[in-house]
Structure formats: C-alpha cells, structure tokens
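Provided herewith is a single structure, encoded as structure tokens, for subsequent inquiry.
Letters A, B, ... are given to chains in the order of the sequence lines, protein chains preceding strands, and every chain is numbered from 1. These numbers come from the heavy atoms of this one structure, side chains and all, not from hydrogens, waters or symmetry mates. Please read these numbers as outputs of a predicted model, since none were measured by experiment.
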Amino acid sequence: MKVRVRFAPSPTGGLHLGGVRTVLYNYLFARANGGDFILRIEDTDQGRFVEGAEQYIMDCLEWCGLRPDESPVKGGPHEPYRQSERKHLYHQYAKQLVDAGHAYYAFDTPEEIEKMRTEHRKDEYSNAQYDTTTRVLMRNSLTLSADETAKLLADGTPHVIRIKMPEHTTVQLTDMIRGEISFDSSIVDDKVLLKADGMPTYHLAVVVDDYLMEITHAFRGEEWLPSAPVHVLLWQYLGWKDKMPQWAHLPLILKPDGHGKLSKRDGDRLGFPVFAMNWKDPKTGDLTKGFREMGFLPQAFVNMLALLGWNDGSGQEIFSMEELIMRFDISRVHKGGAKFDFEKAKWFNHQYIQQTPDDELAVLARPYIEEHVTAPAEALLKKVIPLIKDRCTLLPDFWAQGHFFFTTPEITERAAITDKWNDQKQAFFSEWIYKLESISQWDAVTIEASFNDLAAAQGIKKGDIMLPFRIMLVGGKYGPGVFAIAELIGREETVKRIKGIINK
RNA sequence: GGCGCGUUGGUCAAUCGGCUAAGACGCCUCCCUUUCACGGAGGAAUGACGGGUUCGAUUCCCGUACGUGCUACCA
C-alpha cells in the first residue's frame, strides 16, 4: 500500500514552529517511503476562520521547501482539500453511526448544557461532561421517544449528533513513538460529531477524510492523545478499522523558561520568533515576527526543527534535506516535550551561513544592505561577504558587521580614541595621510607597510595607534582587519575618515 | 479533581543490563588575533525519589513526586 500522510492545519493564524515541525516529519516520512504528502485545510470552525491564513500557511511551506503533492490549490485525486467544501460528505457518515446505535441526536441548547455542567460537577475543579452518566438527563434521541425525535427533526429543531461512548471498554492503540496506549472509554465524553450548523467537528472530519483520502500514517501533536480513543472507536464503528492509519503523537515544544506549550506570546515576551514567517492579524493589525524576517535561512530553520525532538544517534547535527529524508526515523522521535532554545537556533543559522557559497550570501545579504544604502556595488559586496561572514549569525548582521564598507560610519566608541589621545598620535596621523596619498599600490599589505614604517620612524608604538585607526574606519571596536577595510573603501575614503577625526 | 503522556547537566540529548554516563548549545579559563568574531586547547555542570528483579541497574518492573497535555457545537 502506498504511504500517504497529511498535514491538516486550521487556518486561524500564523504557523507555529511546532506546526512546521509536524509538516516536516510528515514530509520526511512521505519522501523516505516514496509516498504522498497531502495538505488538507481543516476549516470547519466558521467562527475562527481568518482571512489570508490559508495562503500564509502555503507560503510558509513553500519557504521551507516542503511542497505538498496534493493541496487545495494543486488539486489531486481526492478533491476538494478544504473541509468546508466537503461539508456535504460528512452527514451521511454521522447518520450511519446514528442508525447503527453508535451516535445519537442531541437537542440541548447551550444553556441547558451549561446548567447540567454546573449542577452535576463532581468537584470544584471541573465541569460535568456530557457522557455516559449525564446523557440520560438530557434531551436527546436516547431519552426521547422515536416519535418525539422524528418530530423535532422534522420541525428543523437545532441539534447536533454526538458519539455514544461505550461504558467500561478499554480502547487500545499503538503509537509509533509511544508504543501501546490504552484508555477506559468511560472517561471520555460523548463528543459532538456533527455541529448544529451542519459542519463536522474535528473528530468526525479527521476520521472521514483520512479514510477517504487513504491516509496510512497520521502524525499530530501530543495534545490529541486524550481524544484518540474517540477516533479509534469511530474507525471501528464506521467499519474501516483495517484501514485506520498508524498514529504518531509528536511531543510538544515548550517555553524556554517557565512551563507550558510555547506560544506566540512567549516569542513577543522573550524576543524571538515563534511563527515561520511574519504574520499580520487582519483583524487587529498586529504583526508577529517570523523566522524568515528575522534573517533565518530556511534550510537552517528546517534543520533546527528536525533536531528538536529527534536525532539519529550519531551525534551529527547538520543535515541537508536529502540526508534528513534518508536518516529520519519516526521511532527515534523523543517522547518528552522539548524546551525551545533560541540560542541553539541561532547556532544552526550561523552554521548554514558559513557553509553557504559567497555569491549566494551576496544575494541573501543584499536586501539588508539596501535597507540603508541605495544600489551598493556588486563588486564591493562580493569582497565584503567573505571578510565578515564568520561574525554573522542572522542575515541582518551583514549590515551590522559590514555597514562601514558602504557608508561613512558614525563613531560610536569615540572614547577609545580621545581618552588617550596626544600630540604624538595627532602628528602620526597628520603625517600618514600625506604618505597615503602617494602610496603606489593601494592594497592592505602596502598600506600596512606604510603604517609600520611611519610608526617606526616616529618612534610610536603600533599598538597605540591601531585601535584609533580602527575606530576612525569602523566606528567601533569590531570588524575584520583594518588594513583590509582600508583597501576596500579606497584611498580617498580612508583619508577622509582619518581627517574626520584628527581635524576636530 | 479525573484521565493520558512524560522525567539523563541550565538547554537539546546519546545509551537499547557492564558507565571512568557521548556529543552539541550556552557559560568559564587559556591560546590565536595589536579590535570583534572565527578557530584551537581545557573546565564547571546530569541519571527526580523510594522499592523491587538481577552477579550487576541510567537502562527492566512497581509505587511516589514533579512536569505537561486534555477535560468546548476549537482545532
């Protein structure tokens, strides 16, 4: 049987890094097994629909290089791929379950349910569930006569269809990551399968669509584990048990500090991205920063995510997509959640910047340079890249570490010059700018030789004037070799920057 | 509260009964570099707790603790 997996996001906002990891594991598994990777949009909640979210999700997948074989826009043999467009499909299966006695109609209003919850709560911490013990108190086709039910239905009374969970049945499932897991059916409530608006809930839709789309392996977050028995029962009740996909519940990605699932707010609070790309909420207008805009390379982002909860046991950490496809093994995925470490994420990006060819880096860095200077010379950019790349972790660093090549810097560490300034240094630089004018060969070696010669002639220590010279050219105490900088910015600019300091 | 899942340094983690417990990030020291990085050499830092099983437990089993998730006509 051909392997078929799916990523089934709900289009409600930005794509969380945990979501991207789920896509990635799906993708790697599909590719390694010659299978298909499907993108299915789970938009059954009309109330939470967010304009643009679906396109955004697809853009994120594209950026990460995780292209679906079948999707709402690409199409495929199981169209449509949006659950809202599949609405008509679900009712018959819900009906089938009712007819078989595995589900029932429930006519309770939200107020009635709320009343039941508060009146029958077992303790102060929880509400009563609509389940095997409370359903006999409610208005549903189990408590109503067949005639009453038929009349309510005929009158178009708003209703839902709920699964009738069996009492004291042990539901077992085998998880590819966790092994055997079992639940007592009595503890899970009678989940709504079909909502009053005719839309299915996740529980029905995921089973029906996974069946119809011939999904063989289903990967999802650990938060779904508690409702897994509902899904297993549904597969059984619908008569599809031998077609049920193999499950894998992925561990959660947790907050770096404190506790709990990593959320968008943690990113805002701690200063790192949580979404793959910038997300602008169309309702509030709030912009949430993404890894892409923060200057991550997609390959680094993907590599980092792959290693968050998985490793191949060899100690290797840098993997190309092809290597990941070959080495990834779902059974080696960790069971426990992992705290997200932004420092490690940056380390991955640094590694990828170092291994990216200079001309590709020039293309990637250019936009960040162009935020500050118009039309930087390609030749200069190409010479600058190798000089500064090893001190660049994120793409914007190419500006932070190389701005002085393109424009006269602001002197941010003036004290490094003025604190120990004296007539001797003043004399050195005043003299040196004349020497520079007559240098025959404008390159780092010749410039440095001239510098050394004059220092020796004037009896001044080189160490005393190197730092001031750097500040003049760079503005601060950082950057590649000063003479290389002088070579690249040229004679005129070098002299100008020295004069800018000594003529004050 | 109930139920599920989990628990090796600060973080990510290897180990599938023999451990003097890998490696990486971060941190510290030194070297290199007349700057900052990169690089190199070192260092500090780990099996939640209690019982079993076993010649031998980080590894297997059971409790406890802790963490985390779920407990919606949301996914």
Note to self: Determine whether a donor-acceptor pair (N or O, by modelled atom type, separation under 3.5 Å) exists between the side chain of A/S185 and the backbone of A/M165.
What the structure shows: no
Note to self: Assuming nearest nucleotide by heavy-atom distance, tell me which of A/D464 and A/T44 is located more 5' along RNA chain B.
What the structure shows: A/D464
Margin query: So if I define the base as every atom that isn't primed, P, OP1 or OP2, how would nucleotides 35-42 of chain B read as a B/S/- string at a heavy-atom cutoff under 4.0 Å?
Written below: BBBS----
Item checked: Interatomic distance where CD belongs to A/Q83 and P belongs to B/C74 [whole Å] -> 13 Å
Notebook entry, point to check: Do A/D184 and A/S186 get their side chains close enough for a donor-acceptor pair, meaning under 3.5 Å?
Noted result: yes
Margin query: Using the P atom as the point on both nucleotides, what is the distance between B/A37 and B/U11, in whole Å?
Written below: 26 Å
Notebook entry, point to check: B/C73 C1' sits how many Å from A/Y105 OH, rounded?
Noted result: 16 Å
Notebook entry, point to check: Taking side chain as C-beta onward, heavy atoms only, is A/I353 less than 4.5 Å from A/L395?
Noted result: yes
Note to self: What's the gap between B/C49 and B/U7 when it is taken at their C1' atoms, as a whole Å value?
What the structure shows: 12 Å
Check: Looking for any heavy atom pair under 4.0 Å, which part of the strands does A/K346 touch: base, sugar-phosphate only, or nothing?
Finding: nothing
Next item on the list: Would you mind reading off the distance between A/M165 atom CE and B/U71 atom P, rounded to a whole angstrom?
Entry: 14 Å
Note to self: Whether the A/S450 and A/D453 side chains hold a donor-acceptor pair (N or O, under 3.5 Å, no angle test) is what I'd like checked.
What the structure shows: no
Notebook entry, point to check: So, is A/K195 close to the B/A75 phosphate, meaning a side-chain N or O under 4.0 Å from OP1 or OP2?
Noted result: yes
Checklist line | Pair A/Q299-A/S320, side-chain donor/acceptor within less than 3.5 Å | finding: no
Next item on the list: Could you work out the separation of B/G42 and B/U54 based on their C1' atoms and round it to a whole Å?
Entry: 40 Å
Notebook entry, point to check: Looking at A/Y478, is A/R391 sitting on its ring face, NZ or CZ under 6.0 Å from the six-membered ring centre and within 45 degrees of the normal?
Noted result: no
Notebook entry, point to check: With the sugar-phosphate defined as primed atoms, P, OP1 and OP2, and the base as all remaining atoms, what B/S/- string results for nucleotides 6-15 of chain B, 5' to 3', for protein heavy atoms under 4.0 Å?
Noted result: S----SSSSS
Check: Under 3.5 Å, is there a donor-acceptor pair linking the side chains of A/D209 and A/Y90?
Finding: yes
Checklist line | Interatomic distance at C1', B/G26 relative to B/G10, whole Å | finding: 8 Å
Notebook entry, point to check: If we take the P atom in both B/G63 and B/C3, what is their distance in whole Å?
Noted result: 13 Å
Next item on the list: Pick base, sugar-phosphate or nothing for A/D43, based on heavy-atom distances below 4.0 Å to the nucleic acid.
Entry: nothing
Notebook entry, point to check: Where does the angle between the aromatic ring planes of A/F291 and A/F296 fall among parallel (under 30°), tilted (30 to 60°) and perpendicular (over 60°)?
Noted result: perpendicular
Margin query: Rounded to whole Å, please give me the gap between CE in A/M466 and P in B/U33.
Written below: 12 Å
Check: Rounded to whole angstroms, how far apart are CZ on A/F49 and P on B/C74?
Finding: 16 Å
Next item on the list: Using the test salt bridge (Lys or Arg N to Asp or Glu O under 4.0 Å), find all partners of A/K115 that sit at least two apart in sequence or belong to another chain.
Entry: A/E119
Next item on the list: Report which part of the nucleic acid A/T12 touches: base, sugar-phosphate, or nothing (heavy-atom distance under 4.0 Å, all strands).
Entry: nothing
Check: Which of these nucleotides, B/C5, B/C73, B/A75, is closest to any side-chain atom of A/L225?
Finding: B/C5
Check: Just wondering, more than 12 heavy atoms not from A/K87 lying within 6.0 Å of its NZ?
Finding: yes
Next item on the list: Let me know the distance between CD1 of A/I187 and C1' of B/G4, rounded to the nearest Å.
Entry: 7 Å
Note to self: From the set B/A24, B/C5, B/G2, return the single nucleotide nearest to any side-chain atom of A/W347.
What the structure shows: B/A24
Next item on the list: Check A/R220, A/E222, A/E223 against A/H249 for a side-chain hydrogen bond (donor to acceptor under 3.5 Å, both in side chains) and give me the one that passes.
Entry: A/R220
Check: Rounded to whole angstroms, how far apart are CG on A/L254 and P on B/G69?
Finding: 7 Å
Item checked: Sugar-phosphate, base or nothing in reach of A/I388, heavy atoms under 4.0 Å -> nothing
Next item on the list: Supply the atom-to-atom distance A/I330 CD1 to A/Q246 CD, rounded to the nearest 0.5 angstrom.
Entry: 10.5 Å
Note to self: Which nucleotide wins on minimum distance to the side chain of A/I181, given the candidates B/G26, B/A75, B/C5?
What the structure shows: B/C5
Checklist line | Contact under 4.0 Å: A/R162 side-chain N or O vs B/C73 OP1/OP2 | finding: yes
Item checked: A/L473 CG to A/I485 CD1 distance, which is reported to the nearest 0.5 Å -> 6.0 Å
Check: Taking the side chain from A/K344 and the backbone from A/L308, do they hold a donor-acceptor pair closer than 3.5 Å?
Finding: no
Item checked: Contiguous pairing runs of three or more, Watson-Crick or G-U under 3.5 Å, that involve RNA chain B -> B:1-7 with B:65-71, B:10-12 with B:23-25, B:27-31 with B:39-43, B:48-52 with B:60-64
Next item on the list: Nearest whole angstrom, please: distance from the C1' of B/U71 to the NZ of A/K191.
Entry: 7 Å
Notebook entry, point to check: Quick one: are A/L144 and A/F107 in side-chain contact, heavy atoms under 4.5 Å?
Noted result: yes
Notebook entry, point to check: Is the shortest side-chain N/O distance from A/R117 to OP1 or OP2 of B/C73 below 4.0 Å?
Noted result: yes
Note to self: Suppose we screen for salt bridge (Lys or Arg N to Asp or Glu O under 4.0 Å). Which residues come up paired with A/K195, at least two apart in sequence or across chains?
What the structure shows: none
Checklist line | Contacting residues from residues 450-461 of chain A, given that a heavy atom lies under 4.0 angstrom of RNA chain B | finding: none
